[in-house]
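A quick write-up on the structure given underneath.
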Amino acid sequence: MTLTLSKCEKLPDISKPRWDQNTFQGRMYHFFSTANCLNLFVSNSKLEKARTIVLEYQQGNYDPNMTVEELWKAKTLYDSAFHPDTGEKMFILGRMSAQVPCNMLITGGMLTFYQKLPHVIFFHWINQSFNAIVNYTNRSGTHKSDDRTLFLSYCGATTGALSCALSFNFLLKKWKTAPPILARLVPFAAIAFANAINIPMMRNKEFTNGIPVEDADGRTMGFSTVAPEYAIPQVVLSRVGMAVPNMVLGPMILDQISKTTWYAPSMAAPLQTLICGFMLAFSTPICCALFPQKSSIQVEQLELSLQDHINKLPNPPKVVYYNKGL
């Protein structure tokens, strides 16, 4: 029989994820559960119920007959749908659980229709629109970007991705002896370049206003403008890493399939999309787990004003923690 909360010698600590976030394996298990695309089909009423269970449990109120598994299931749903800093319900397309189904369709289209200008423009526009939603939804801290910042970052990333894709396509057409596989890899180069533009621009307020840093007990020590210098590059690397299997290996696999006798051109789009979906199902949680979401930084690495503030506190911590975002 599943253990109920009333029979627990020590109640579960749901202020942290279920698995040890100091290990890559623990982080990977966490993101396999929260980035599960099946979480998208959970009704709003169930999400609100999970939220109520989590918030009341944190206040010391809970049903003693609730099982430990039911509690952790509620926490998983809460983590998948609500922002870790603000507690707000995240827009459904911006959640990590939407990454696999949305990206498999967008990436499948980008990798299949990469030769004609209208197709390149359309799919890069769709992709950067989706990326803008994800980057804003998963920002760190409570700072909201103004409309002008959102518009400029969106335009910058879209322009960057299109410029990169069109430039590479132009160069490959000039290079008559270029292997066909290189043309299939152009979308990946464009995506990597766009991520390096979109994420820092979308989260630029973190460089001026800072993000919250906490001690080991979750008490806010202040806002740091140094922490984003570590957080945002980690997010960029994770996002580029997510794209490597489906946008590099995927085209290579399809290139080999296209040489078989049973292959037909009409199979390109569905095959490429299925390959992308399969690879994203693994690369999304694995790359989210590359760095701890609650990353640590030495107090001595923070800006001097925040160092002084922390060091004046009773029993000041040597290490503080921040949410890097996703």
Side-chain angles (χ1 to χ4, degrees), residues 93 99 102-136 145 148-204 207 229 232-259 265 268-269 271-273 275-277 279-280 283-284 287 290:
L93 293 182
Q99 283 283 303
C102 292
N103 265 331
M104 69 180 284
L105 295 173
I106 296 170
T107 308
M110 290 175 66
L111 294 176
T112 305
F113 306 104
Y114 58 88
Q115 293 178 318
K116 295 184 178 179
L117 180 62
H119 295 164
V120 173
I121 293 174
F122 175 75
F123 280 106
H124 278 288
W125 168 67
I126 288 290
N127 184 61
Q128 291 311 318
S129 299
F130 176 65
N131 281 346
I133 292 171
V134 174
N135 293 339
Y136 178 72
S145 299
R148 182 175 179 275
T149 299
L150 294 175
F151 179 73
L152 288 176
S153 60
Y154 171 67
C155 291
T158 305
T159 303
L162 282 173
S163 300
C164 184
L166 295 176
S167 298
F168 276 116
N169 280 338
F170 175 78
L171 291 173
L172 288 172
K173 285 179 181 178
K174 291 288 186 181
W175 184 11
K176 301 297 184 183
T177 58
I181 187 62
L182 287 182
R184 292 186 183 272
L185 296 178
V186 167
F188 171 71
I191 291 305
F193 186 68
N195 272 325
I197 299 173
N198 197 337
I199 296 172
M201 287 189 69
M202 187 67 70
R203 295 175 54 175
N204 74 80
F207 292 108
E229 296 175 9
I232 291 176
Q234 290 176 357
V235 174
V236 172
L237 287 174
S238 295
R239 292 290 185 82
V240 173
M242 286 181 200
V244 170
N246 57 298
M247 299 195 78
V248 176
L249 298 180
M252 291 180 177
I253 292 171
L254 188 64
D255 189 57
Q256 293 302 311
I257 292 175
S258 66
K259 297 173 183 177
L271 275 176
Q272 190 74 79
T273 302
I275 291 170
C276 287
M279 291 186 171
L280 281 166
S283 67
T284 298
C287 289
L290 289 177

**Q.** Partners meeting side chain to side chain contact (heavy atoms under 4.5 Å, CB included) with L105 (sequence neighbours left out)
**A.**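 Partners of L105 under the side chain to side chain contact (heavy atoms under 4.5 Å, CB included) test: T273.
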Q: Could you walk me through whether N103 and N127 pass the side-chain contact (heavy atoms from CB on, under 4.5 Å) test, one step at a time?
A: CA-CA 8 Å; N103 265 331; N127 184 61; 4.1 Å; yes
Q. F207 and P200: which non-hydrogen atoms are nearest, and at how many Å?
A.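 Shortest heavy-atom separation between F207 and P200 comes out as CE1-O, 4.3 Å.
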Q | Minimum heavy-atom distance between L93 and I133, given as atom pair plus value | A |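 Closest heavy-atom pair between L93 and I133: C-CG2, 4.1 Å.
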**Q.** Results of salt bridge (charged side-chain N to carboxylate O under 4.0 Å, His left out) for K116 - residues two or more places apart only
**A.**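 Checked K116 against salt bridge (charged side-chain N to carboxylate O under 4.0 Å, His left out); zero matches.
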**Q.** F193, CZ: over 12 other non-hydrogen atoms inside 6.0 angstrom
**A.**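 Counting other residues, nucleotides and ligands, CZ of F193 stays at 12 neighbours or fewer.
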Give the table of side-chain donor-acceptor pairs shorter than 3.5 Å for residues 237-257, with sequence neighbours excluded, one pair per line with atom names and distance.
unit_1	atom_1	unit_2	atom_2	d
S238	OG	Q234	O	3.0
S238	OG	C287	O	3.2
R239	NH1	N135	OD1	2.4
R239	NH2	N135	OD1	3.1
R239	NH2	L326	O	2.6

Q. What distance do Q99 atom CD and I106 atom CD1 have between them, rounded to the nearest 0.5 Å?
A.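 If I round to the nearest 0.5 Å, the distance is 9.0 Å.
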Q: Determine, stepwise, if the pair T112 / F123 fulfils side-chain contact (heavy atoms from CB on, under 4.5 Å).
A: CA-CA 10 Å; T112 305; F123 280 106; over 6 Å; no
Q) Would you call the rings of H119 and F113 parallel, tilted or perpendicular, where under 30° means parallel and over 60° means perpendicular? A)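 Aromatic pair H119/F113 classed perpendicular.
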